[in-house]
Amino acid sequence: MIGTSRRRIPCAASTDPDNGLLGNPLVKSVKSAIVPASGANVSFCQVDLLYGTNPQQNINIRVGLPLSAIDGGTGGVQGAWNGRTQGIGGGGCAGSLNVNPPVNAGYVGSGTDTGHAGGNCEPGVNADGTYNYQFIQDFIRNAIKQQVLFSKSIARTYYASKPKYNYWNGCSTGGRQGYLLAQELGTELDGVLANAPAIYWTRFQTAQMWGQIVMKDLVGGPILAAKLNQASASAVAACDAADGVVDGIIDDPRTCKFSAKANVCGTPTAPAANCLTPQEAEAIDKIWDGPRNSKDNKIWFGLDRGTSLPALNGTNPFALGVTQFHWNRHDLNFDWRTVNQEGYPEVAEDGSRNIADVTDTFGDLDTFRRKGGKLLTFVGGNDQLIMPRGVINYYRQMASHYGDRHGEPDFKELQRFYRLFRAPGVGHCGGGAGPQPQNLFDAVVTWVEKGKAPDQILATTTSGGVVTRSRPLCPYPKTAIYNGSGRTDDASNFHCGGNLEKRQVVCADTLVKYKHEANGNLDFRGTGVDRGECKRESHSHWRHDHRDHDD
Ligand SMILES: [Ca+2]
């Protein structure tokens, strides 16, 4: 699409017909101009283009280019440019056109609006009950692919030099976008940082409504936030010490079986304030457990104990969850309040049948892996919006996909190019009680360019600019283990070891698979191990339980 001229051109001329943007039939409009420095933001060359293959497709893409030598840029490998690109992801149902952070760091930055303005996903369904596939496909995949391709070609035109390394950086929807690019555009990126990814879009967003439905059924409406918060605090108090360190954090909440029944008013274990009715306790237990069908089989994962519950289970449901019910039934008037616990499985299955093959992100990483790509993910152990077990589920599936010929998960093999770091106690893309991951993007760059895989990620808690606690985060299924002496607030007194892939936690998370999913796009092995394997105690995957994964 872009001319192959190796002549350097000024920013103002970068849209000239010779350079392939003006006159490109898929580029509806394009402009370029130097943006002056402003506050902490450096001056850069901004190219804005509108991409579309038909009148209904209107994808805005922004590429921010550190000034080239011809435009006065200095300090990089060409002008102010460090020779790399960095695509920035969006959040919720919105994209991002803010390219300042990567540009300030010397990267060609890029962003897209994903084909629509604002964060409303309702236009994915038309008033007549048909899907607006243009809207959905542009949001899910088309826009980010064009973003990456244009950022690379425009960089090549502007600097007369090909980018040496190409990266993605996103969290939540931006994380999902990183996964989709690694799955479907595997030749174009060298490194992907994709945190708290909103993968399995249809499945997890449907599950975001589970708690609201349970509370409506059992209590008649939302439980007071103070009671939800007390239940979370009680769970942490009950399970905190099981990981060996009393620090207000449950290292692996899957092992915590605390029941909210302990908080029922009048029982000896009830808290002094914000105790629960038996119905409220049952609802909270179901929120932790996640949606199940009538056979008591798990449909998706719950919010883990210790997680802040009001984000999804407050006075109002999470807007994208409500929208997802409309998507599942391709009906803008479908009212989630008409759905009870018994009806939930049908809505979930409708979503799987009707739209999940477009929205969910679970392809393999074969091309990305073969081309040497590196994928790094952090997920908060107490993510309040995206169930972290869903991300672990995909990671295990890939460990199985790249495992031995029996399809057993092989995390060591997987970790040659894909590493998942759990951050205990951390919320969605950050926040929460746990120490916060540091320098993740640098870790991807070092992995790609120096071949040094991150064995651990430093996480810190700061107060008034002072680090009050530090911990290593470990590539799953390892976890941070206290060495037994020294301060438990100092990362140097921990090491990465152990193996969190215990039979009891993995098999308890086996998911239902619908008939229509078998042998199609949606076929997947549930948790990366099937039910049969979970029933056979002697299966070799579980014999590994007792093997220490320390190198
Ligand atoms: Ca603990």
Side-chain angles (χ1 to χ4, degrees), residues 196 228-263 269 271 284-285 287-289 301-309 378-384 387-389 391-392 420-438 455-463 466-506 508-509 545 548-550:
L228 295 172
N229 293 337
Q230 177 59 52
S232 296
S234 298
V236 171
C239 295
D240 182 352
D243 53 41
V245 180
V246 177
D247 55 0
I249 296 160
I250 306 170
D251 183 66
D252 184 358
R254 296 174 304 181
T255 63
C256 178
K257 302 302 176 195
F258 175 80
S259 169
K261 290 187 178 72
N263 282 19
T269 49
I284 291 171
D285 279 348
I287 290 170
W288 282 331
D289 185 56
F301 310 101
L303 293 172
D304 276 310
R305 287 166 177 79
T307 301
S308 178
L309 299 179
F378 116 76
V379 61
N382 284 155
D383 192 315
Q384 71 276 28
M387 304 75 187
R389 298 191 204 196
V391 183
I392 292 173
L420 170 67
F421 290 83
R422 284 170 61 259
V426 173
H428 183 61
C429 295
Q436 306 290 306
Q438 303 295 311
D455 289 325
Q456 51 179 255
I457 297 287
L458 181 69
T460 60
T461 302
T462 55
S463 177
V466 178
V467 173
T468 54
R469 175 180 288 173
S470 65
R471 283 286 169 81
L473 304 181
C474 304
Y476 187 89
K478 287 184 183 175
T479 193
I481 295 174
Y482 179 51
N483 294 338
S485 62
R487 291 175 62 236
T488 56
D489 287 334
D490 185 341
S492 67
N493 296 322
F494 288 76
H495 71 280
C496 287
N499 177 13
L500 297 179
E501 279 281 296
K502 302 295 187 199
R503 179 174 188 272
Q504 55 270 37
V505 297
V506 175
D509 275 351
D545 270 9
D548 195 317
H549 276 232
D550 282 338

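In listed order, ligands and their atoms are each counted from 1. A quick note: this is a predicted structure, and the numbers were derived from the prediction, not measured.
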For this session: Could you tell me whether Arg471 and Asp247 have a side-chain N and a carboxylate O separated by less than 4.0 Å?
Result: yes
For this session: Specify which N/O/S atom of Asp247 comes nearest to the Ca ion (ligand 1), by atom name.
Result: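 Of all N, O or S atoms in Asp247, the Ca ion (ligand 1) lies closest to OD1.
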Exercise. Below 3.0 Å, any N, O or S contact between Ile249 and the Ca ion (ligand 1)?
Worked result: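 Yes - counting backbone and side chain alike, Ile249 has an N, O or S atom under 3.0 Å.
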Problem set entry | Asp240 N/O/S atom closer than 3.0 Å to the Ca ion (ligand 1) |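 Given the 3.0 Å cut-off, Asp240 counts as a ligand of the Ca ion (ligand 1).
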Exercise. If the Ca ion (ligand 1) is the vertex, what is the angle to O of Val245 and OD1 of Asp243, rounded to 10 degrees?
Worked result: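 Output for this angle: 70°, rounded to tens.
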Problem set entry | Gln436 side chain vs Val426 backbone, donor-acceptor pair below 3.5 Å |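 Absent.
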Problem set entry | Any donor-acceptor N/O pair, Asp243 side chain to Asp252 backbone, under 3.5 Å | no
Problem set entry | Under 3.5 Å side-chain donor-acceptor pair for Gln438 and Thr460 |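 The criterion, which ignores hydrogens and geometry beyond distance, is satisfied for Thr460 and Gln438.
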